[in-house]
Amino acid sequence: MTPLSGQPILTAAQMRAAEQAAIDQGASVDSLMARAGREVAEAVRRLASAAPILILCGPGNNGGDGYVVARALEEGGLSVRVAASGPPGTDAARTARAGWAGPVESLGDTESAPILVDALFGTGLSRPLDAAIVEPFGRLVAEARLSIAVDLPSGISTDDGAVLGTVPEFDLTLALGSAKPAHLLQPAARFCGKVRILDIGIHIDGDAFVLGRPALASPGPDAHKYARGMVAVVGGRMPGAAELAAESALRAGAGYVLLLDGAAQGNPHAIVRRTWNAGALDDPRIGALLVGPGLGRDEDARVKLDHVLASRHRLVIDGDALHLLDEERLAILRARETVAVLTPHAGEFAALFGKPVGSKIDAARDAAKRSGAFVVFKGADTVIAVPGGAVLVAEAANDWLSTAGSGDVLAGAIAATLSSGGAPIAAIGAGVWLHGDAARRLGAAFIADDLAHALSAARAAL
């Protein structure tokens, strides 16, 4: 069982194409199902600790996987029962059903078991579960000591993370071959529990991946503050937001942070504070320039943003600055030769790009293409999109990130990792990962100031 980190993400159509490629090279649907079933059975066997197991089988190939699992577990000496929502409806599922010698109970009448395996419906589901399935399904999952979904919990939409009606929460999901968008996108991801990927012998390839732990080097013996990266933060009407972003940049690893338009003094004292001066942006040592947190949306803010867009530095554009990116400024952004990163939450995204169409992955990809910038579409699920189409999706970090100022901390962290040079997508991903790791370290009921401080420990752990 492989953790999600760093693994490719395939849509339902991409997974079908990968399976078809394997068939074209000599595999069969039956052999692929047999391999998947054996892998699931081995994972369940290791987790069951000899407890009785109930496997729920649906009419399609996911149900066929379930029959294979049942047979393998019973041959291994475990106590196994099977309940089905109806007869098999595909040739491969019928073949798998024929290989199961035990009885098949009715889903509506079956009794619960300590270990529950859901093989009712996997990828490709497009409508809610039938009413006759919902009640017994939810009851059986709730009464199990350990609930395991095969590929996806039944009732989940594979590609956009939607929940199709009433779906119970699972302890573990065993993804077949590859991660799917629903394992990471909300609200579906919260119903999956822990997700582990099983190798089912299919070649997996794509341009979307789960964000993995970054490889950030520690400063060498000849390092100095500018070599580690200099970040300039443009402040505005709400100085606290810019202060948070500036401190976050320092704690995420930047060697020097300049806060323009900040107070004459404040904490931490390591931040260099100067009155706003457009000429300060000409400093060639600046590795990344951050604008937006607390900027405001008045004429003064527009002037500052225009100076930022005219600079040659790598940019991180957040908060208020996103609302000021009209079509004329977007055209300037697209024409720039240096990297720009947009970090919108859902409201800022809709204001800039319109209501998202398709999945959050689709929407982020389209926004990156339209803007020519890297887009960090943040939220309970965070998607990083590259203008060329590649995507990284972060695993869920901590629900307590839903607090004022957490986005300012994220912007500062991204500016820090971007400031030292290197591949932009790796740097942006590192900033997102540090932000999530800091939140995981804090647990519950933290505020954005705590989150900024926790970046030090997250960075030091790499």
Say you draw a straight line from CZ of Arg441 to CG of Leu455; how long is it, rounded to the nearest 0.5 Å?
10.0 Å
Heavy-atom distance under 4.5 Å between the side chains of Pro153 and Cys192, does that happen here?
yes
Gln20 and Arg16: side chain donor to acceptor below 3.5 Å
no
Under the salt bridge (Lys or Arg N to Asp or Glu O under 4.0 Å) rule, what pairs show up with a residue in residues 370-386, not counting sequence neighbours?
Asp318-Lys378, Lys360-Asp381, Asp366-Arg370
Can you give me every donor-acceptor pair (side chain of residues 386-399, partner residue at least two apart or in another chain, under 3.5 Å) with its distance?
{"unit_1": "Asn398", "atom_1": "OD1", "unit_2": "Trp400", "atom_2": "N", "d": "2.8"}
{"unit_1": "Asn398", "atom_1": "ND2", "unit_2": "Ala439", "atom_2": "O", "d": "2.9"}
{"unit_1": "Asn398", "atom_1": "ND2", "unit_2": "Gly443", "atom_2": "O", "d": "2.6"}

Please collect all salt bridge (Lys or Arg N to Asp or Glu O under 4.0 Å) contacts where either partner lies in residues 149-159, sequence neighbours excluded, each pair once.
Asp151-Lys180
With sequence neighbours left out, the residues meeting ring-ring contact (aromatic ring centres under 6.0 Å, His included) with Tyr226 are Tyr256
Tell me, do Ile271 and Leu250 make a side-chain contact under 4.5 Å, heavy atoms counted?
yes
Those residues that, when tested against Arg38, pass salt bridge (charged side-chain N to carboxylate O under 4.0 Å, His left out) (two or more places apart)
none
With sequence neighbours left out, write down each residue that passes salt bridge (charged side-chain N to carboxylate O under 4.0 Å, His left out) with Glu169, or none if nothing qualifies.
none
Within a reach of under 6.0 Å around CE of Met238, are more than 12 heavy atoms found that belong to other residues, nucleotides or ligands?
no
Show me the donor-acceptor pairs within less than 3.5 Å that the side chains of residues 194-218 make with the rest of the protein, sequence neighbours left out.
{"unit_1": "Asp199", "atom_1": "OD1", "unit_2": "Gly201", "atom_2": "N", "d": "2.9"}
{"unit_1": "Asp207", "atom_1": "OD1", "unit_2": "Arg365", "atom_2": "NH2", "d": "2.7"}
{"unit_1": "Arg213", "atom_1": "NH2", "unit_2": "Ala461", "atom_2": "O", "d": "3.0"}

Evaluate the side-chain proximity of Leu185 to Ser359: yes if any heavy-atom separation is below 4.5 Å, no if none is.
yes
Given side chains that start at C-beta, do those of Asp118 and Phe170 come closer than 4.5 Å, heavy atoms only?
yes
Any salt bridge (Lys or Arg N to Asp or Glu O under 4.0 Å) involving residues 382-392? Give me the pairs, sequence neighbours left out, ordered by first then second residue.
none
How would you list all residue pairs meeting salt bridge (Lys or Arg N to Asp or Glu O under 4.0 Å) that involve residues 329-351, not counting sequence neighbours?
Asp306-Arg329, Asp326-Arg329
Would you confirm whether Arg314, through its side chain, and Leu418, through its main-chain N or O, come within 3.5 Å as a donor-acceptor pair?
yes
Heavy-atom donor-acceptor pair, Thr158 side chain to Gly124 backbone, under 3.5 Å
yes
Asp408: partners by salt bridge (charged side-chain N to carboxylate O under 4.0 Å, His left out), with sequence neighbours left out
none
Between Asp261 and Arg273, does a salt bridge (charged side-chain N to carboxylate O under 4.0 Å, His left out) hold up when you go through it step by step?
CA-CA 7 Å; Asp261 215 19; Arg273 293 170 170 83; over 6 Å; no
Those residues that, when tested against Phe377, pass ring-ring contact (aromatic ring centres under 6.0 Å, His included) (two or more places apart):
Phe349
Residue set satisfying salt bridge (charged side-chain N to carboxylate O under 4.0 Å, His left out) with Asp362, at least two apart, ordered chain then number -> none
Between Ile53 and the options Val69, Val117, Leu47, the side-chain contact (heavy atoms from CB on, under 4.5 Å) test singles out Val117
